[in-house]
Every structure is written in structure tokens, then in C-alpha cells.
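Have a look at the structure below before the remarks.
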Amino acid sequence: MASNASDELIGTWVTGWAGARGYETRNEGRVHAALRHDTTEDWEYVIYGPSKEELAAVAETLKKHPNRRLTAFDASAENLVAIANEVGLQVTSDDEALMVTELAVHDVEVPLPADGFVFQIERDGTHAYVSLHPEDNQELVAASGHVSAVSGFAIFDRIITGADFRRQGLGTLIMRALASLAQEHDVDEGLLIASVDGQQLYASLGWTSLGKVVMFKG
């Protein structure tokens, strides 16, 4: 299993994440970029273990384009934030983590939905979308998530449980369903970015942290 993050691993994550969301991507040296047409309508830069020079270059670009953002991955958030502050970047979030799991430990079969719920599954090539709906109101989405298969990895994204449906195990069901769908492709490991709340859930499902994710604006 991947024991630490790397340029290549972050590139794989960007490909899966951007592919699931339909973002255009490009590379500028070690910096990956995705055009977030659905939110900021501008580019988000993504980099692993940036040097001070790389952060300074991105900071200059963010000054000229205030809607652009930077997502940086590193083993130590403290060191990353200290350098970023020196070059004029402001932290917008520093409590997320990049997590990994071996998919062999997860179910191959799609689980049964919880009582009173039904699954809807959509496949599009190497992407799959799973949602869970109350049987008596199938227009309502109780929980949902995406997975994309890229270079031997399954990239999990947008794992969401509706406010009225939390603490019922629905997030776990979505993760199990996505893991099973990912294994229809040649994948060995899962990757995702987890919020503080999500980190506890994923750890209980056998995921481990590869490092911190810090988001910046100019």
C-alpha cells in the first residue's frame, strides 16, 4: 500500500477527482490545475510538497486572479503554512487529510441498502455514482458519492450524507457500494480527501492517513 504521498500519487488523485466532476485539467511544471467551472469558475492549483519558490510563484498568480485557489499536500501542515504565510498566501482550510486503503479488504459485492432505502447506481466508463433514497420518496437523496478508477487507484469523491439522515450508517453503505463498483476495474487501492468528520468514519473502515491537505487563497 502507498506509504506516503508523492507527485505521482497526487496527479492520480487530481485525474480522478477532476474526471468525476468534469473539470478541464492542465499541468504547469509540478503544479496540477483544474478549472472549477461549477464553483469559482476559475483554476484551482494542486501541488505536493511545494518549495518556497513554487509557493511564491503561485502566490503571485493568485494575487492577479483572486478567485483562484491552491490545494497543497504535505506531511507537515505547520511547515507548509509557515512558508505559505511568508509569501503572502492565506489559509482557508487546514484540517483535511489525504487517506488511502487497500481495496482487497473491502467487499466485492454491492451491499444491500438499509431497510426503507433503495440504491441508484450510474456508471460512465471508469466513473460510478451511487445514491441512496428513501423508498417512499425516491426524489430525495439521503446519501451519495462518486468513485473513479485511475492507474490502479479508486478515487472516492463527494461522499455526502443529508443532514436528516446522519448517524444511520448510510455513509458506510455508500463507501461499501463505491468500493465494490471500483473493483469492476483493475484497482488495488482507494484514495480520498477526508474532512475532520469523515476521517473518523474512514479510519473505522480501514483507511489510513498519508498526510495533511491545506487550502489557500491569495
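The figures that follow rest on heavy atoms only: side chains count, while hydrogens, waters and symmetry mates do not.
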Evaluate the side-chain proximity of [Y] to [X]: yes if any heavy-atom separation is below 4.5 Å, no if none is.
X	Y	value
Glu102	Asp188	no
Val100	Thr208	yes
Val31	Asn27	no
Val130	Phe119	yes
Glu189	Leu103	no
His127	Ser148	yes
Ile174	Thr161	no
Val147	Ile155	no

Pairwise distance [atom1]([X]) to [atom2]([Y]) - rounded to 0.5 angstrom:
X	Y	atom1	atom2	answer
Thr71	Ile193	OG1	CD1	6.5 Å
Glu41	Leu35	CD	CG	9.0 Å
Gln120	Ser144	CD	OG	11.0 Å
Leu98	Leu210	CG	CG	5.0 Å
Arg176	Leu112	CZ	CG	8.5 Å
Ser195	Gln200	OG	CD	9.5 Å

Worksheet item: Are Phe117 and His133 close enough that their ring centers fall under 6.0 Å?
Response: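 Between His133 and Phe117, which both carry aromatic rings, the centre distance is not below 6.0 Å.
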Practice prompt. Would you please indicate if the ring centroids of Trp13 and Phe153 are separated by under 6.0 Å?
Written response: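 Centroid distance Trp13-Phe153: not below 6.0 Å, so no.
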Practice prompt. Please say whether the positively charged group of Arg69, taken as NZ for Lys or CZ for Arg, lies over the ring of Trp43, i.e. under 6.0 angstrom from the six-membered ring centre and within 45 degrees of the axis.
Written response: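 No cation-pi geometry.
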Could you tell me which non-hydrogen atom of [X] sits nearest to which non-hydrogen atom of [Y], and how far apart they are?
X	Y	answer
Pro113	Leu173	C-CD1, 4.1 Å
Met99	Ala203	CE-N, 4.1 Å
Asp74	Pro50	OD2-CD, 4.3 Å
Leu181	Ile121	CD1-CG2, 3.8 Å
Thr12	Val150	CG2-O, 3.5 Å
Gly49	Glu54	O-OE1, 4.3 Å

Worksheet item: Aromatic rings Trp207 and Tyr202: how do their planes relate, parallel, tilted or perpendicular, breaks at 30° and 60°?
Response: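 Aromatic pair Trp207/Tyr202 classed tilted.
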In terms of heavy-atom contacts, does [atom1] of [X] have more than 12 from other residues, nucleotides or ligands at under 6.0 Å?
X	atom1	result
Glu184	CD	yes
Arg26	CZ	yes
Glu8	CD	no

Are [X] and [Y] connected, step by step, through hydrophobic side chains (Ile, Leu, Val, Met, Phe, Trp, Tyr) whose heavy atoms are closer than 4.5 Å?
X	Y	value
Leu80	Met215	no
Ile83	Ile47	yes
Val46	Leu62	no
Val187	Leu205	yes
Val141	Phe165	no

Worksheet item: Counting only N and O atoms by type, is there a donor-acceptor contact under 3.5 Å from the side chain of Thr101 to the main-chain atoms of Gly206?
Response: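 Here the side-chain-to-backbone pair exists.
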Practice prompt. Please answer whether the main-chain N or O of Gln199 pairs with a side-chain N or O of Glu96 as donor and acceptor at a distance below 3.5 Å.
Written response: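 No.
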Practice prompt. Test Arg30 against Asp7 for salt bridge (Lys or Arg N to Asp or Glu O under 4.0 Å), laying out the working first.
Written response: CA-CA 7 Å; Arg30 286 203 326 121; Asp7 277 341; 2.5 Å; yes
Worksheet item: Where do Asp38 and Arg158 land on the salt bridge (Lys or Arg N to Asp or Glu O under 4.0 Å) test, with the steps shown first?
Response: CA-CA 14 Å; Asp38 56 345; Arg158 284 184 170 164; 2.9 Å; yes
Practice prompt. List in chain and number order the residues that pass side chain to side chain donor-acceptor pair (under 3.5 Å) with Tyr45, two or more places apart in sequence or in another chain; answer none if no residue qualifies.
Written response: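 Per chain and number, Tyr45 pairs via side chain to side chain donor-acceptor pair (under 3.5 Å) with Arg68.
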Worksheet entry | side chain to side chain donor-acceptor pair (under 3.5 Å) contacts touching residues 82-92 (sequence neighbours left out) |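 Residue pairs with at least one partner in residues 82-92: Lys52-Glu86.
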Fill in: Any residue meeting side-chain contact (heavy atoms from CB on, under 4.5 Å) with Ala84, in chain and number order, not counting sequence neighbours
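For Ala84 the side-chain contact (heavy atoms from CB on, under 4.5 Å) partners, ignoring immediate neighbours, are Leu55, Leu89, Phe216.
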Discussion item. Hydrogens and angles aside, do Asp157 and His146 bring a side-chain donor and acceptor to less than 3.5 Å of each other?
Written reply: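 On atom types as modelled, these side chains do not qualify, holding no pair under 3.5 Å.
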Practice prompt. Start with the C-alpha gap between Arg36 and Asp42, add the side-chain angles, then the distance that decides, and say whether side chain to side chain contact (heavy atoms under 4.5 Å, CB included) holds.
Written response: CA-CA 6 Å; Arg36 301 199 65 160; Asp42 212 331; over 6 Å; no
